[in-house]
Asker: 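Got a structure for you, written out below as structure tokens; questions coming shortly.
Letters A, B, ... are given to chains in the order of the sequence lines, protein chains preceding strands, and every chain is numbered from 1.
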4 protein chains.
Amino acid sequence: MPKLGMEPIRREALVTAAIAEIGAAGSLDVTVSAISKRAGMSSALAHHYFGNKDQIFLAAMRHILAGFAVEVHSRLSLANTPRDRLKALVEASFARSCFDPEVISAWLNFYVKAHSSPDAMRLLRVYQRRLRSNLIHALRPISRKPEELADAIAALIDGLYIRAALGAPISRDPAATILAFTAPHLEDDQ
Amino acid sequence: MPKLGMEPIRREALVTAAIAEIGAAGSLDVTVSAISKRAGMSSALAHHYFGNKDQIFLAAMRHILAGFAVEVHSRLSLANTPRDRLKALVEASFARSCFDPEVISAWLNFYVKAHSSPDAMRLLRVYQRRLRSNLIHALRPISRKPEELADAIAALIDGLYIRAALGAPISRDPAATILAFTAPHLEDDQ
Amino acid sequence: MPKLGMEPIRREALVTAAIAEIGAAGSLDVTVSAISKRAGMSSALAHHYFGNKDQIFLAAMRHILAGFAVEVHSRLSLANTPRDRLKALVEASFARSCFDPEVISAWLNFYVKAHSSPDAMRLLRVYQRRLRSNLIHALRPISRKPEELADAIAALIDGLYIRAALGAPISRDPAATILAFTAPHLEDDQ
Amino acid sequence: MPKLGMEPIRREALVTAAIAEIGAAGSLDVTVSAISKRAGMSSALAHHYFGNKDQIFLAAMRHILAGFAVEVHSRLSLANTPRDRLKALVEASFARSCFDPEVISAWLNFYVKAHSSPDAMRLLRVYQRRLRSNLIHALRPISRKPEELADAIAALIDGLYIRAALGAPISRDPAATILAFTAPHLEDDQ
DNA sequence: AATGAATGAGGATTCATTCAT
DNA sequence: GATGAATGAATCCTCATTCAT
């Protein structure tokens, strides 16, 4: 067995396991033991590396946020027009990786967790601010009220997310819904 | 004094207390004892009336749903045109009673709870179906794709709800946002 | 099984059990479970009544202090001269009840506990102040430096206590030792 | 650099750290990790050198006892009369080094620890016997009951120690208190 | 109808200790 | 010699739930 540099490996394993466990339970009512077991270690080790349960959750949330950021930037880097940028942002929000039931469940739960945990809230705000500023940046050339439109789109994203998470029957692809719904509010860019 | 007819009073008190407690905690991590104490009775009595904790939560959810239904129907009964009906539905979703921080927080939590509780899910579906059919009914005369539009509007409602629950700074009245956003998708009714 | 007024009975049982357990272990490293088991109840009930482990310890300390106060006052009430009062105080400190190995062990441990627990310290100060003022009151008519003498006697009491607790071979009755040792410092009272 | 001869250095560091840690905590509830960290090494190494936690404590106790022995003998070697020897013994007990709050706290804790640990008890007995025989030796020429007087003085030392450890307000120098208190019991030596 | 009494089960967290390198 | 890695065992505490009265 290896002896050095285990920390990042263990942390990664725990974060992954935490997300999986949350996904499986559908809630944050998950024990450190269950997470640790799934990650192949004792719960004592989990505490050794993360200090406490909340830190595991926060790390998991950061992990998901980072995954989302990757989706966003990889798509954004290919977009040249404001419309493309908007499309990139919306589609990133419904990318496979974000739409993975496991992730969507964790995401949803963190959302609520933010309501009672300042740390979680802080992370959530980061996501919200980033999405908002990305949206506004994309919308500015093609909308007269980019802020308001951005807020509506962000709300639409969140709303469709939840519906997906809760398995509501969806008439069509969420991204398409958003884009179609947004279209009339856009002007021509030049 | 006769103790007859205490049951509905006790149940009501517990349901109200549960919502308050959830609102205060910002999560469903609320003890039956705390709820009972707030409702002015022993936890044993709470169990006597509800059987178990989940049933208290479900009753609370039903209570909120019922409150919402009242908002909807009282407004709907005053609406004569499709546009008015749409407005009524949207505004009901952000009525004072639904927008009460306490209620909005409980609502959000129940939402997520549905992900792990079939009973909660069942209740949620009722709400979703009812809202959807109300929206479609209102939209049919003024939209060519009433289903899709209804889904978008419902998602917008949920999304704005969440943002409100999480205390996101809101640029303007959510109902107005939705209506403005929806307007371009409506045709003239005749 | 009875159903009402259990609280004082349970508390008493727990306090007694705690003292016994501490006595048996010779230290405060005693589990709530062990105490509860000895007291014939679940640890959950112990927590229900005391809130936490420290409160059990404090209650036990209070119990011992109260027992000591009884020893003191019963003897004091029979004493008529300053010398008798002094004798009463010293003998109370080495009364059977205080000298019970179980009690002496608990006492000793609380002593040390006071060093790290403000609450325990507070209790200890009460005992110290009370003993000191009793001694000074008794000594004033028969000593020119009652405070200093009181402090010395108090120290002697504590020191002999510890030696007894630690099973040091004792040449004679501690109370007699103290009185003999103190005698030359006393003047005649009139 | 050769790592030879590290053992005594490490042990010394651990013992010192243990005393400091116990002093800071005011109790023996100190973790091996904390001690090791303070001593600048891993807890694994601490175990390597000492086997287990108790051995660290015992070594610390031995260290303190040795320090005390040094105080005693350095003073004793300068004393020529019985009275001087007595003074030397008493003053050694309240020497700077023994009166250091850190040491006094550790000392007190070890004292009580002896009640539940045979090994600690053994060490304590050594100290007690040594002190007793030293006192008796000093007192024999100037007291008719050297044993009894020695016991009283030893008890006084312990008692004043405890009071100091517990931060009781001390009216005057403990050594002076003891000597003044003892004086009337001494005869002239010839 | 109502409650104090009571508990079993579980969960987070800590820590001394061991081991492979 | 030295340490990061790892864990089993314990402990405090919480809480939903049951029961006798």
Asker: Between A:Asn52 and A:His47, which heavy-atom pair has the shortest distance, and what is it?
Answerer: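 Shortest heavy-atom separation between A:Asn52 and A:His47 comes out as CA-CD2, 3.9 Å.
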Asker: Is there a side-chain contact between D:Phe57 and D:Lys53 (heavy atoms, below 4.5 Å)?
Answerer: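 The answer is yes, as the side chains (C-beta and beyond) meet within the 4.5 Å cut-off.
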Asker: What is the separation between atom CG on C:Leu4 and atom C1' on E:dA6, rounded to the nearest whole Å?
Answerer: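 Rounding to the nearest Å, CG of C:Leu4 and C1' of E:dA6 are 14 Å apart.
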Asker: Which residue pairs pass the side chain to side chain donor-acceptor pair (under 3.5 Å) test when at least one of the two sits in residues 19-44 of chain A, sequence neighbours left out?
Answerer: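 Every pair satisfying side chain to side chain donor-acceptor pair (under 3.5 Å) with a residue in residues 19-44 of chain A: A:Glu21-A:Arg38.
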Asker: Give the rounded distance in Å between these two atoms: CG of C:Leu14 and P of F:dC13.
Answerer: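 Going from C:Leu14 (CG) to F:dC13 (P), I get 14 Å.
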Asker: Calculate the interatomic distance between A:Lys37 atom NZ and F:dA6 atom P; express it in whole Å.
Answerer: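 Nearest whole value for this atom pair: 18 Å.
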Asker: Can you name the residues that form a side chain to side chain contact (heavy atoms under 4.5 Å, CB included) with B:Leu58, not counting sequence neighbours?
Answerer: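 Here the qualifying residues are B:Gln55, B:Arg62, B:Asp119, B:Ala120, B:Leu123.
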Asker: I want to verify a distance call: between E:dT17, F:dG4, F:dT14, whose nearest atom is closest to the D:Ala44 side chain?
Answerer: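 Out of E:dT17, F:dG4, F:dT14, the nucleotide with an atom closest to D:Ala44's side chain is F:dG4.
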Asker: Kindly write out the residues that satisfy side chain to side chain contact (heavy atoms under 4.5 Å, CB included) with D:His115, not counting sequence neighbours, or none if the list is empty.
Answerer: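 Result, side chain to side chain contact (heavy atoms under 4.5 Å, CB included) vs D:His115: C:Ser105, C:Leu166.
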Asker: Using the side chain to side chain donor-acceptor pair (under 3.5 Å) criterion, which residues pair with D:Glu12? Sequence neighbours excluded.
Answerer: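 Side chain to side chain donor-acceptor pair (under 3.5 Å) check on D:Glu12 returns nothing, list empty.
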Asker: Looking at A:Arg10, does any N or O in its side chain come under 4.0 Å of the phosphate oxygens OP1/OP2 on F:dG4?
Answerer: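 A:Arg10 to F:dG4 OP1/OP2: no side-chain N or O under 4.0 Å.
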Asker: To the nearest Å, give me how far apart CG (D:Leu45) and C1' (F:dA5) are.
Answerer: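 The answer, rounded to whole Å, is 16 Å.
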Asker: Hey, which sits more toward the 5' end of DNA chain E by its nearest nucleotide, A:Ser43 or D:Val32?
Answerer: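 Closer to the 5' end of DNA chain E: A:Ser43.
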Asker: Of the options E:dT7, E:dG11, F:dT17, whose atoms approach the side-chain atoms of A:Thr31 most closely?
Answerer: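 Looking only at side-chain atoms, A:Thr31 lies closest to E:dG11.
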Asker: To the nearest Å, how far apart are B:Ile35 CD1 and F:dC15 P?
Answerer: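 Taking atom P of F:dC15 as the reference, CD1 of B:Ile35 is at 12 Å.
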Asker: If the condition is salt bridge (charged side-chain N to carboxylate O under 4.0 Å, His left out), which residues does A:Asp54 pass it with, not counting sequence neighbours?
Answerer: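 In terms of salt bridge (charged side-chain N to carboxylate O under 4.0 Å, His left out), with neighbours along the sequence ignored, A:Asp54 is linked to A:Lys113.
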Asker: Got a sec, which residues hit side chain to side chain contact (heavy atoms under 4.5 Å, CB included) with B:Ala165, two or more places apart in sequence or on another chain?
Answerer: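 Side chain to side chain contact (heavy atoms under 4.5 Å, CB included) list for B:Ala165, sorted by chain: B:Ile104, B:Leu108.
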Asker: By a strict heavy-atom criterion of less than 4.0 Å, which residues belonging to residues 18-27 of chain D are in contact with DNA chain F?
Answerer: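 Contacts with DNA chain F under 4.0 Å: none.
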Asker: Return whichever of B:Ser33 or A:Pro8 has its heavy-atom-nearest nucleotide of DNA chain F closer to the 5' end.
Answerer: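 In this pair, the answer is A:Pro8.
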Asker: Could you pull out the closest heavy-atom pair between C:Asn109 and C:Gly26, with the gap in Å?
Answerer: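 So the two residues come closest at ND2-O, 3.3 Å.
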Asker: Whole angstrom is fine here: how far is it from CG in B:Asp29 over to C1' in E:dG10?
Answerer: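 B:Asp29 atom CG is separated from E:dG10 atom C1' by 15 Å.
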Asker: Heavy atom of residues 47-58 of chain D under 4.0 Å from DNA chain F: which residues?
Answerer: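 Close to the strand are D:His48, D:Tyr49.
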Asker: Using the ring-ring contact (aromatic ring centres under 6.0 Å, His included) criterion, which residues pair with B:Phe68? Sequence neighbours excluded.
Answerer: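 Residues passing ring-ring contact (aromatic ring centres under 6.0 Å, His included) with B:Phe68: B:Tyr127.
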Asker: So C:Ser42, base contact, sugar-phosphate only, or nothing? Heavy-atom distance under 4.0 Å.
Answerer: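 Base: the residue C:Ser42, judged by heavy atoms under 4.0 Å, touches a nucleobase.
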Asker: Round to a whole Å and report the spacing from CZ of D:Arg11 to P of F:dG1.
Answerer: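 In whole Å, F:dG1 P and D:Arg11 CZ are 11 Å from each other.
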Asker: So what is the 5' to 3' dot-bracket string for DNA chain E, if pairs are Watson-Crick or G-U wobble with both distances under 3.5 Å, crossing pairs use [ ] and | means the partner sits on another strand?
Answerer: .||||||||||||||||||||
Asker: From the set F:dG1, E:dA12, E:dA2, return the single nucleotide nearest to any side-chain atom of B:Met6.
Answerer: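 Closest of the options to the side chain of B:Met6: E:dA2.
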Asker: Does D:Ala106 have any side chain to side chain contact (heavy atoms under 4.5 Å, CB included) partners at least two apart in sequence or in another chain, and if so, which?
Answerer: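 Checked D:Ala106 against side chain to side chain contact (heavy atoms under 4.5 Å, CB included); matches are D:Ile19, D:Ile22, D:Ile64, D:Phe110.
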Asker: Could you tell me which residues satisfy salt bridge (charged side-chain N to carboxylate O under 4.0 Å, His left out) with D:Arg11, sequence neighbours excluded, listed by chain and number?
Answerer: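 D:Glu7.
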Asker: Give the rounded distance in Å between these two atoms: CE of C:Met41 and C1' of E:dG8.
Answerer: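 Going from CE in C:Met41 over to C1' in E:dG8 covers 16 Å.
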